[in-house]
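Start at 1 and go down the list; that is how both ligands and their atoms are numbered.
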Amino acid sequence: MPHTVTLLPSNHTFIIEHGENLLQGALRNGIPFPYGCRDGACGTCKGKVLSGQIDRGQYSARALSEQEVAQGLALFCQTLALSDLVLEVHEVGDVVGIPIRRLPAKVDSITRASHDVMRVKLLLPTNQRLRFLAGQYIDFLLKNGERRSYSIANAPHDDEFIELHIRKVAAGTFSDFVFNELQEKAILRIEGPHGSFFLRADSPRPIILMAGGTGFAPVKSLVEEAFYRGLSRPIFFYWGVRSRRDIYSDLPQQWAQRENFHYIPVLSEPLPEDQWQGRTGLVHEAILEDFADLSGYDVYACGSPAMVYAGRDAFLLKGLNADNCYSDAFEFQHPAGATPQK
Ligand SMILES: Cc1cc2nc3c(=O)[nH]c(=O)nc-3n(C[C@H](O)[C@H](O)[C@H](O)COP(=O)(O)OP(=O)(O)OC[C@H]3O[C@@H](n4cnc5c(N)ncnc54)[C@H](O)[C@@H]3O)c2cc1C
Ligand code: FES
């Protein structure tokens with residue numbers, strides 16, 4: 001049975017259909033809920049249920065604690081409405097009017113960026129461009145009904161192609177396909193743009209970017225957008241990888257020629273042949289060493305869930321305001337309809 005959902009403080013309302021979760025209902029109605037993984041794992045879609053009955057569905061305890069449940073919080077990407085609801089949610093104004101579309105996309109090129117990363121460029125049908133914000137991602141819609149998410153690596157102004165950086169995952173369904181079978185000119189189905197990880201260009205605060213591995217993809221989009229818009233705020237980019245061969249782009253070195261851009265690669269397991277003189281260890285720890293107080297910064301973190309969550313927790317303890325912390329955890333997708341182990 002459909003239910004009416006009212007949002008505070010905006011007073012927006014929408015009708016949620018039977019079987020839809022709150023996020024799906026909101027997006028279908030053009031209401032910009034914040035979200036990331038859509039899988040109950042990242043916590044980005046968290047909001048408060050002020051009145052009404054819900055089923056919180058399945059989610060990771062890391063994304064929503066028992067204490068938060070007791071406070072009435074829920075993950076809207078998993079929550080079903082059992083009655084009319086009133087929710088408290090911070091809508092994301094910047095994505096209003098950007099439609100989520102399903103499109104065919106032709107593989108224009110596939111090039112090896114490193115031993116385990118492929119750079120894939122997609123071309124949309126003639127006269128079609130994807131509107132998106134720097135940092136957002138698209139989904140590939142697989143024939144078996146599953147999806148795989150990849151961050152867009154180009155900036156919105158440079159939208160002739162959609163550039164993706166795809167890392168090889170051992171026995172990974174989609175990455176195996178990309179590395180072993182995908183050919184130029186192949187047609188794939190995509191959906192997007194998705195997510196609320198994007199550049200907050202109007203903020204006055206200096207920016208800290210933290211990426212692990214192919215977390216560089218959305219960082220590239222954010223940085224190119226920041227330069228395009230002429231942002232003069234300091235930008236500090238920490239790129240965490242295992243060893244030197246995992247640094248699969250020279251762009252950050254080029255960007256570092258700008259006065260306001262600082263590049264700090266951090267190797268967790270440098271090899272003897274790397275002869276590495278730079279920073280070592282975990283990338284979020286390098287940031288903690290360099291910044292005693294993060295209260296005046298915007299932090300963007302993207303890459304493996306372990307890195308993103310460890311960083312976010314530690315940064316909040318160092319004064320970072322939760323509203324100025326944006327993250328995109330590259331959670332693994334799960335078969336359609338399934339949810340992670342809780
Ligand atoms: C918002 C978002 C953005 C993303 N952006 C990118 C991106 O820009 N570039 C990119 O390379 N990936 C990105 N990912 C991850 C990507 O969506 C896939 O999860 C990943 O490529 C693995 O897919 P697969 O089909 O190859 O492996 P699957 O078939 O999904 O997994 C196979 C096996 O490997 C395990 N596994 C999957 N991924 C990993 C991993 N990273 N490390 C260890 N074990 C793993 C699974 O649990 C499973 O057992 C993103 C994910 C999200 C949610
Ligand atoms: S937990 Fe809902 S979007 Fe990630």
Margin query: In the complex you have, is atom 48 (C) of ligand 1 within reach of the protein, judged by whether a heavy-atom distance drops under 4.0 Å?
Written below: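 Given the 4.0 Å limit, the answer for atom 48 (C) of ligand 1 is no, no protein heavy atom qualifies.
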Checklist line | Main-chain N/O of Leu23 paired to Asn21 side chain as donor or acceptor, under 3.5 Å | finding: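 Answer holds: yes.
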Element-labelled atoms of ligand 1 that are located less than 4.0 Å from some non-hydrogen atom of [X]:
{"X": "Arg167", "value": "11 (O), 40 (C), 41 (N), 42 (N)"}
{"X": "Asp328", "value": "1 (C)"}
{"X": "Gly172", "value": "24 (P), 25 (O), 26 (O), 27 (O), 28 (P), 29 (O), 32 (C)"}
{"X": "Tyr137", "value": "1 (C)"}
{"X": "Ile166", "value": "11 (O)"}
{"X": "Phe174", "value": "24 (P), 25 (O), 26 (O)"}
{"X": "Thr173", "value": "24 (P), 25 (O), 26 (O), 27 (O), 28 (P), 29 (O)"}
{"X": "Ala171", "value": "32 (C)"}

Determine, for [X] against [Y], whether the closest basic-nitrogen to carboxylate-oxygen distance falls under 4.0 angstrom.
{"X": "Arg129", "Y": "Glu160", "result": "no"}
{"X": "Glu273", "Y": "Arg244", "result": "no"}
{"X": "Arg200", "Y": "Asp94", "result": "no"}
{"X": "Arg233", "Y": "Glu259", "result": "no"}
{"X": "Arg189", "Y": "Asp139", "result": "no"}
{"X": "Glu146", "Y": "Arg148", "result": "yes"}

Next item on the list: List the steps, then state whether side chain to side chain donor-acceptor pair (under 3.5 Å) holds for Asp298 with Ser203.
Entry: CA-CA 8 Å; Asp298 285 343; Ser203 156; 2.6 Å; yes
What protein heavy atom lies closest to [atom]? Include the residue and the distance to one decimal.
{"atom": "atom 44 (N) of ligand 1", "value": "Phe332 CZ, 3.5 Å"}
{"atom": "atom 20 (C) of ligand 1", "value": "Tyr150 OH, 3.7 Å"}
{"atom": "atom 16 (C) of ligand 1", "value": "Ser149 O, 3.3 Å"}
{"atom": "atom 18 (C) of ligand 1", "value": "Gln333 OE1, 3.5 Å"}
{"atom": "atom 34 (O) of ligand 1", "value": "Val169 CG1, 3.5 Å"}
{"atom": "atom 33 (C) of ligand 1", "value": "Ala170 O, 4.2 Å"}
{"atom": "atom 7 (C) of ligand 1", "value": "Phe330 CE2, 3.4 Å"}
{"atom": "atom 8 (O) of ligand 1", "value": "Ser151 N, 3.2 Å"}

Item checked: More than 12 heavy atoms from other groups under 6.0 Å of CG on Asp293 ->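 Counting neighbours around CG of Asp293, more than 12 heavy atoms of other residues, nucleotides or ligands fall under 6.0 Å, so yes.
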Margin query: Can you tell me if Pro218 contacts ligand 1 (heavy atom of the residue under 4.0 Å from the ligand)?
Written below: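 No heavy atom of Pro218 comes that close to ligand 1.
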Check: At under 4.0 Å between heavy atoms, which part of Ala153 makes contact with ligand 1: side chain, backbone, both or neither?
Finding: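 No part of Ala153 is near ligand 1 at this cut-off.
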Checklist line | Side chain, backbone, both or neither: the part of His194 lying under 4.0 Å from ligand 1 by heavy atom | finding: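 Neither part.
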Notebook entry, point to check: Which of these, Thr214, Val283, Leu267, Val266, sits in a side chain to side chain contact (heavy atoms under 4.5 Å, CB included) with Val241?
Noted result: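 One option only clears the test, and that one is Leu267.
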Item checked: Shortest non-hydrogen separation from Val308 to Asp328 and the atoms involved ->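 The pair with the smallest heavy-atom distance is CG2-O, 3.8 Å.
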Notebook entry, point to check: Which heavy atom in Ser221 sits nearest to a heavy atom in Ala134, and how many Å separate them?
Noted result: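 Heavy atoms only, the tightest pair is OG-CA, 3.2 Å.
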Check: Does any non-hydrogen side-chain atom of Thr13 lie less than 4.5 Å from one of Leu7?
Finding: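 No. Closest side-chain heavy atoms not under 4.5 Å.
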Next item on the list: Return the set of protein N, O or S atoms whose distance to atom 4 (Fe) of ligand 2 is under 2.8 Å, each given as residue and atom.
Entry: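 Within the sphere that stays under 2.8 Å of atom 4 (Fe) of ligand 2, the protein atoms of type N, O or S are Cys37 SG, Cys42 SG.
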Next item on the list: Answer yes if Leu188 and Ile166 sit in the same cluster of Ile, Leu, Val, Met, Phe, Trp and Tyr residues linked by side chain heavy atoms under 4.5 Å apart, and no otherwise.
Entry: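 Result: yes, single cluster for both.
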Next item on the list: Given side chain to side chain donor-acceptor pair (under 3.5 Å), test Gln136 with His194 step by step and report yes or no.
Entry: CA-CA 6 Å; Gln136 287 191 296; His194 279 298; over 6 Å; no
Next item on the list: For Tyr137, enumerate each residue passing the side-chain hydrogen bond (donor to acceptor under 3.5 Å, both in side chains) test, keeping only those at least two apart in sequence or located in another chain.
Entry: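 side-chain hydrogen bond (donor to acceptor under 3.5 Å, both in side chains) check on Tyr137 returns Arg38.
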